[in-house]
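The first residue of the sequence shown is numbered 1, and numbering continues consecutively from there. Whatever order the structure lists ligands and atoms in, that order sets their numbers, starting from 1.
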Amino acid sequence: METTTELSQSRLLGTYSYPTSHRVIEIVSIAVFAVFYAVFGLRAVAAVGDDLDVATVGLTVLAAFLALVLADFLSGMVHALCDNLGSVDTPVVGQKFIRSFREHHTDPLDMTRGDFVRVNADNFLVCLPILIPCVLWLNVGSNPFVSTFLVVLMAFLVVTNQIHKWAHTDQVPGPVQWLQARRVVLSPDHHRVHHTPPYDSHYCITSGVTNPLLTKVGFWPVLLRFCRWAGRFLGGSPATGSSQGPGA
Ligand SMILES: [Zn+2]
Ligand SMILES: [Zn+2]
């Protein structure tokens, strides 16, 4: 999740404020993902379609639902750790990941000012180490449901930041409103809980489907206690802050 705090400039590769070399890496990541994902997705569709019956359809829907749940949970884990563990000075992940989550709490609308590449490229890049081995070595024909699970999982992973951005955006396309209303993707109302004091729940930002269960079983307090314990070794302080605005 890139930030747009610095003044963006219109350039050959779009409007951004960071080095062009970084922008090139972002665009190449998205392009490589698109090519490999198309190959993997088509193989998965063909594998499922080869033996289409009620059981296949049921297992395919189940695999897709489990993928959505896992994507949502992973988004919450990354978000909670980046909000509560370490600081912007933490080596490797501080500037790249923790910074953007911390700044999101002081300016939730910052991400709405970034374009598609800026907001989503990191997630495309992170998925490549999963996607490329799947295309090269996974026998999709023998593992249609595992393949379906991975196809849907990566689809939700790469659009998680976009979904989060939509939850903070005043006007979103009609189909997105439709998906938000049915909680397939994160809704502004649901996400507003996370941006309300004490800022210690509803970290999942893909669909939010796992937030109620994780809150009910007390998952976040346990994780935050771990963060406070680990924080004694890493330094830094958790993210807090006001966050009013559309869908904040
Ligand atoms: Zn947060
Ligand atoms: Zn947010």
Q. Are side-chain N/O atoms of His104 and His168 paired as donor and acceptor at under 3.5 Å?
A.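 A donor-acceptor contact under 3.5 Å links the two side chains.
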*For His79, which of Ile205, Thr160, Leu74 qualifies under side-chain contact (heavy atoms from CB on, under 4.5 Å)?*
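Running side-chain contact (heavy atoms from CB on, under 4.5 Å) over Ile205, Thr160, Leu74 with His79 returns exactly one hit, Ile205.
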Q: Nearest 10° is fine: what angle sits at the Zn ion (ligand 2) between NE2 from His164 and NE2 from His168?
A: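 It is 100°, given to the nearest 10°.
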ask   = What atom name does the N, O or S atom of Asp83 nearest to the Zn ion (ligand 1) carry?
value =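 Output for this pair reads OD2.
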Please name the atom of His105, limited to N, O or S, that comes nearest to the Zn ion (ligand 1).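 Per the distance ranking, His105 contributes NE2 as its closest N/O/S atom to the Zn ion (ligand 1).
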Hydrophobic cluster of Val69, others only, ordered by chain and residue number, side-chain cut-off 4.5 Å: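 Result for Val69 is Phe65, Val209.
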Decide, counting backbone as well as side-chain atoms, whether His79 has an N, O or S atom less than 2.8 Å from the Zn ion (ligand 1).
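Yes, His79 qualifies, because one of its backbone or side-chain N, O or S atoms lies under 2.8 Å.
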Contacts of type side chain to side chain donor-acceptor pair (under 3.5 Å), residue Ser21, not counting sequence neighbours:
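Expected list: none.
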Could you tell me whether any N, O or S atom belonging to His194 is less than 2.8 Å from the Zn ion (ligand 2)?
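Coordinating: no.
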Quiz item: If you measure from the Lys or Arg side-chain nitrogens to the Asp or Glu carboxylate oxygens, is any gap between Arg102 and Asp107 under 4.0 Å?
Solution: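 Salt bridge absent between Arg102 and Asp107.
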